[in-house]
There are 2 protein chains.
Amino acid sequence: MNLPPLIQAFVLHFGEMGSRWGINRTVGQIYALLYVADRPLHADDIVEALGVSRSNVSMGLKELDTWRLIRRKHLPDDRRDHFTALEDPWAIIRTLAEERRKREVDPTLTVLRDLMLREPANGAERHAQARLGEMTEAIELLTSWADQVQRLPDERIVDLLRLGGGVAKVLEVGAKLKLLPGRKEA
Amino acid sequence: MNLPPLIQAFVLHFGEMGSRWGINRTVGQIYALLYVADRPLHADDIVEALGVSRSNVSMGLKELDTWRLIRRKHLPDDRRDHFTALEDPWAIIRTLAEERRKREVDPTLTVLRDLMLREPANGAERHAQARLGEMTEAIELLTSWADQVQRLPDERIVDLLRLGGGVAKVLEVGAKLKLLPGRKEA
DNA sequence: CCTTGATTTCAGAAAGTTCTGAAATAACAT
DNA sequence: ATGTTATTTCAGAACTTTCTGAAATCAAGG
């Protein structure tokens with residue numbers, strides 16, 4: 001790998017983080033490289049910059065493509081595909097979040113709902129089912145919230161984030177104005 | 001493994017999910033088992049229920065312990081440690097979220113901040129630094145929001161979740177009442 | 001419809017992780 | 001102290017994921 005030190009540090013770190021974020025090291029590095037690049041890169045640029053095999057780059061690009069985190073561009077007088085990363089950091093955060101949700105929470109919800117429908121065979125199962133119910137409820141609340149917030153326009157989301165802990169205050173006011181749904185007690 | 005079918009299905013699923021959630025399969029299974037159990041279990045109960053090695057259970061329990069997802073209990077007339085999972089599903093969700101943040105976003109922020117302080121050596125680095133700045137800003141906004149919301153009492157958080165996309169409406173009202181910090185334009 | 005170069009696929013090699021069994025350690029009761 | 005039972009550690013086995021190089025496929029220009 002032969003990159004300016006600042007860029008190299010970022011690329012390496014993002015690669016390591018990638019593994020924790022469920023995208024593999026190479027994919028993370030490719031993404032990082034495209035994200036900071038000041039021009040579209042083609043596959044061989046990436047091979048050279050990262051020192052990994054051509055085929056590995058090809059797989060990585062394909063994966064980033066299915067996640068819609070990069071764009072394929074054709075430059076005039078060049079048959080090779082060129083790639084750029086989405087500019088907006090929110091797009092990345094959103095994509096990663098959606099992707100993880102699809103892989104990590106949706107299947108769990110499906111299983112939990114299915115288990116809730118079964119007839120418990122004995123006391124142990126009855127108890128277990130009650131616990132599953134509590135968990136299902138919490139996860140459903142969380143995901144349906146996430147669903148709805150994700151549909152808001154970006155600026156609204158940013159407003160919400162800027163508000164920070166201040167939501168509490170706004171919630172109070174909201175409650176007084178009867179904007180909130182009545183609280184169901186457990 | 002020899003468990004009532006409903007419990008077994010849950011335990012197996014949670015094990016698989018565990019790997020995606022950054023906790024390994026056995027750890028996930030142990031947690032799931034304790035979560036639905038109607039009494040505290042000791043290590044050998046778990047070995048028998050899951051059919052994994054004693055040492056694996058020991059490691060798993062230790063890990064869950066450091067994550068504070070289980071409690072160690074001493075029953076009278078029994079020298080063995082007994083374990084229970086935290087009851088409240090919110091506790092689990094919170095813990096997993098905090099843990100992941102510690103492992104997955106905080107280190108990134110540290111690196112990003114450090115890279116932002118460096119003197120760019122050339123045009124490419126200058127461009128890269130600008131991109132890193134955008135990313136840093138987005139991540140900081142998100143994490144500081146999460147920080148503040150996590151400090152709210154549980155019921156406030158539940159209110160917020162119940163509100164769903166309705167936050168938009170409340171934000172409008174909040175803006176009119178001058179509760180929101182003025183929006184800085186990019 | 002053939003040539004040339006770009007891209008993708010895929011089987012096996014390399015690297016990384018999780019799990020086990022055996023041995024070491026700790027904790028308690030006598 | 002000593003025996004007994006519970007727990008932890010750790011080296012290597014088993015398994016999983018990632019990466020490579022060679023071969024197959026694809027696409028544009030003549």
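Quick note: numbers below take in every heavy atom, side chains included, and nothing from hydrogens, waters or symmetry partners. So you know, we letter chains A, B, ... as the sequences are listed, proteins then strands, and number each from 1.
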Whole-Å distance separating the [atom1] atom of [X] from the [atom2] atom of [N]:
X     : N      : atom1 : atom2 : result
B:R25 : D:dT17 : CZ    : C1'   : 14 Å
B:I46 : D:dA6  : CD1   : P     : 14 Å
A:R72 : D:dC26 : CZ    : C1'   : 13 Å
A:D44 : C:dA6  : CG    : C1'   : 9 Å
A:E16 : D:dT17 : CD    : C1'   : 15 Å
A:N24 : D:dT16 : CG    : C1'   : 13 Å
B:D77 : C:dA27 : CG    : P     : 20 Å
B:L75 : D:dT5  : CG    : P     : 19 Å

Using the rule side-chain contact (heavy atoms from CB on, under 4.5 Å), only one of A:I92, A:I23, A:V11 pairs with A:Y31; which is it? A:I92

Nearest heavy-atom approach of B:L6 to A:Q129 is CD1-NE2, 3.8 Å

Applying a 4.0 Å non-hydrogen cut-off, can you work out what [X] is touching in the nucleic acid: base, sugar-phosphate, or nothing?
X     : result
A:R79 : base
A:R54 : base
B:N56 : base
A:D81 : sugar-phosphate

Answer yes when [X] and [Y] have at least one side-chain N-carboxylate O distance shorter than 4.0 Å, and no when they do not.
X     : Y      : answer
A:R94 : A:D154 : yes
A:K62 : A:D65  : no
A:R68 : A:E98  : no

Once hydrogens and angles are ignored, does a donor-acceptor distance under 3.5 Å link the base of D:dG21 to the side chain of A:S55? yes

Nearest to the side chain of B:S58, heavy atoms from C-beta on, is which of D:dT9, C:dC10, C:dT7? D:dT9

With the side chain of B:R80 defined as its heavy atoms from C-beta on, choose the nearest nucleotide among C:dT9, C:dC19, D:dA6. D:dA6

Side-chain N,O (A:T26) to OP1/OP2 (D:dT18) below 4.0 Å: no

Tell me whether the OP1 or OP2 atom of D:dT9 has a side-chain N or O from B:K62 closer than 4.0 Å. yes

